[in-house]
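Structure record follows, encoded as structure tokens.
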Amino acid sequence: MHDIRMVREQAAALRDGMRRRGALDQLEPVIARLEALDRERRQTIQTVEEKKAARNAASQEVGRRKKAGEDASELQAQTRTLGEEIAGLEASLTETEAAIQKGLYDIPNVTLPTVPAGDETHNTVVRSWGTPRAADGVKPHWEVGEALKLLDLPRGAKISGSGFIVFRSAGARLVRALMNLMLDLHTREHGYEELWVPVVVNRAAMTGTGQLPKFEEDMYALTDDQGFLIPTAEVPVTNLYGGEILDAAQLPMALTAYSPCFRREAGAAGKDTRGLLRVHEFDKVELVRYCRPEDGAAQLELLTGHAEAVLQKLGLPYRVVLLAAGDTGFSSAMTYDLEVFAPGVGKWLEVSSCSVFTDYQARRANIRFRAAPGEKPQFVYTLNGSALAFPRVIAALLEHYQQPDGSVVVPEALRSYVGADSLR
RNA sequence: GGGCAGGUGGCAGAGUGGUUUAAUGCACCGGUCUUGAAAACCGGCGUUCCUGCAAGGGAACCGGGGGUUCGAAUCCCUCCCUGCCCGCCA
């Protein structure tokens with residue numbers, strides 16, 4: 001969420017940001033309305049506060065007279081009228097502020113200057129690592145997975161629905177191995193604190209990271225109780241310090257958590273539905289960082305490197321894509337996608353999305369820090385990235401390391417975790 | 001799920017309708033004193049919003065929301081959370 005002051009004082013930069021996302025035409029009415037609402041709000045506040053000051057003074061006078069045994073009924077009646085006027089003005093103020101809030105929720109973050117303008121055709125590959133394997137003869141992961149009895153897709157669909165995966169035997173162990181490999185790497189070598197968090201969160205948390213109110217239809221909601229299943233550990237982890245003021249010494253903060261992730265994928269029916277490419281429940285290790293504003297860009301490079309390190313450990317060829325403004329997520333100011341090559345399906349698969357949100361999320365979740373004692377609190381910058389999402393990594397492993405005899409070689413770094421050199 | 005007790009500033013902790021601009025202590029910051037430090041003393045000590053070039057002025061905030069009243073931390077309703085007891089349970 002933007003500060004209304006952004007609309008008031010930096011309207012040109014805001015409009016330019018929306019233009020770079022290709023969203024200005026759509027959002028211009030929202031911005032114009034916000035400008036009007038802001039003027040209206042401030043005017044109402046002035047009036048209401050004058051009346052409140054008058055009421056406060058009058059009420060005190062009533063108290064004084066009563067104490068002195070004098071009559072105050074006339075003054076009381078006047079003050080009552082004042083109170084009624086205040087109530088009316090405050091009701092309209094509440095409406096105005098709700099409208100402002102709603103408008104602000106509709107405006108995405110402004111991307112950093114280094115982000116190319118335009119739609120996804122302007123995404124740029126900034127670097128790549130490893131050599132993609134030639135596609136010939138490589139079977140798609142769902143075929144290998146079923147042949148080696150690592151996956152049981154039909155039974156997953158039976159007990160839960162399509163898009164819910166059952167892993168079994170070495171496949172199940174592979175999931176656990178990936179979790180341990182990634183968490184060990186991030187905690188031991190990258191300095192992250194490990195968290196284990198609830199997968200059910202409340203509406204406030206979902207709003208803090210920006211999933212709500214705009215993307216409610218993509219979330220699984222509990223019916224008998226309030227609450228949502230998290231679509232990513234970003235939600236509980238980023239909101240961990242919501243409403244708090246941190247000490248400067250705590251920054252940068254680096255947190256990591258494994259969690260299952262639940263996504264309805266509304267509107268994505270029929271797209272990449274085979275195998276592990278797009279599922280409703282999957283596992284992921286997430287990285288979250290909080291930092292000072294001046295460190296935002298550097299911290300994004302650092303975080304992206306931590307996600308890349310997992311792919312390098314696994315020996316999977318990948319590329320780093322800088323998303324253009326129009327393809328950058330709603331709350332994000334700059335995003336790198338990590339795409340791993342899966343020769344069986346012949347596609348680059350997105351296994352991570354690393355973003356810096358500037359103060360956009362922090363303002364929503366109200367996460368601040370005090371740079372020095374006595375200074376005013378300011379919003380932190382938040383960052384996050386998957387490192388990594390499991391299913392597509394598993395798909396890439398089953399395809400990239402596939403052998404002519406149908407077996408799959410386990411990459412070195414994973415062997416002690418899986419307890420085998422190859423899956424056969 | 002039922003009952004009881006609570007939720008006040010960074011922390012502790014007063015305050016049950018009107019000089020409360022929320023006492024007091026601790027912590028923290030500045031100063032005096034000191035060679036330096038400690039102690040002592042003096043001063044400061046929150047967040048948000050509106051207004052103003054500024055100095056300043058004003059408003060709101062005692063778990064959230066609503067109500068009663070001229071006036072609410074204080075009374076009422078409701079929700080949330082914490083602790084304890086009972087019940088249930090992996």
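Throughout, a chain's letter reflects where its sequence line sits, starting with A, and its residues are numbered from 1.
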Nearest whole Å is fine: how far is [N] [atom2] from [X] [atom1]?
{"X": "A:K66", "N": "B:U19", "atom1": "NZ", "atom2": "P", "value": "15 Å"}
{"X": "A:I45", "N": "B:G52", "atom1": "CD1", "atom2": "P", "value": "13 Å"}
{"X": "A:R203", "N": "B:C80", "atom1": "CZ", "atom2": "C1'", "value": "16 Å"}
{"X": "A:E70", "N": "B:C70", "atom1": "CD", "atom2": "P", "value": "19 Å"}

Looking only at side chains, do A:E194 and A:Y258 share a donor and an acceptor under 3.5 Å apart? no
Could you check whether A:R368 gets within reach of a base, just the sugar-phosphate, or nothing at all, counting any heavy atom under 4.0 Å? sugar-phosphate
How far, in whole Å, is [M] from [N] if one measures between their [atom1] atoms?
{"N": "B:C76", "M": "B:U69", "atom1": "C1'", "result": "12 Å"}
{"N": "B:U47", "M": "B:G67", "atom1": "P", "result": "29 Å"}
{"N": "B:U35", "M": "B:C45", "atom1": "C1'", "result": "31 Å"}

If the threshold is 4.0 Å, N to carboxylate O, is there a salt bridge linking A:R80 and A:E84? no
Charged N to carboxylate O under 4.0 angstrom, A:R15 versus A:E28? yes
Would you state whether a donor and an acceptor, one from the side chain of A:E49 and one from the base of B:G58, lie under 3.5 Å apart? yes
Is the ring pair A:F164/A:H280 parallel, tilted or perpendicular, if the boundaries are 30 and 60 degrees? tilted
Residue A:R370, side-chain atoms from C-beta onward, closest of B:U21, B:C70, B:U47: B:U47
Considering only heavy side-chain atoms of A:N56, the closest of B:C70, B:A60, B:C49 is B:A60
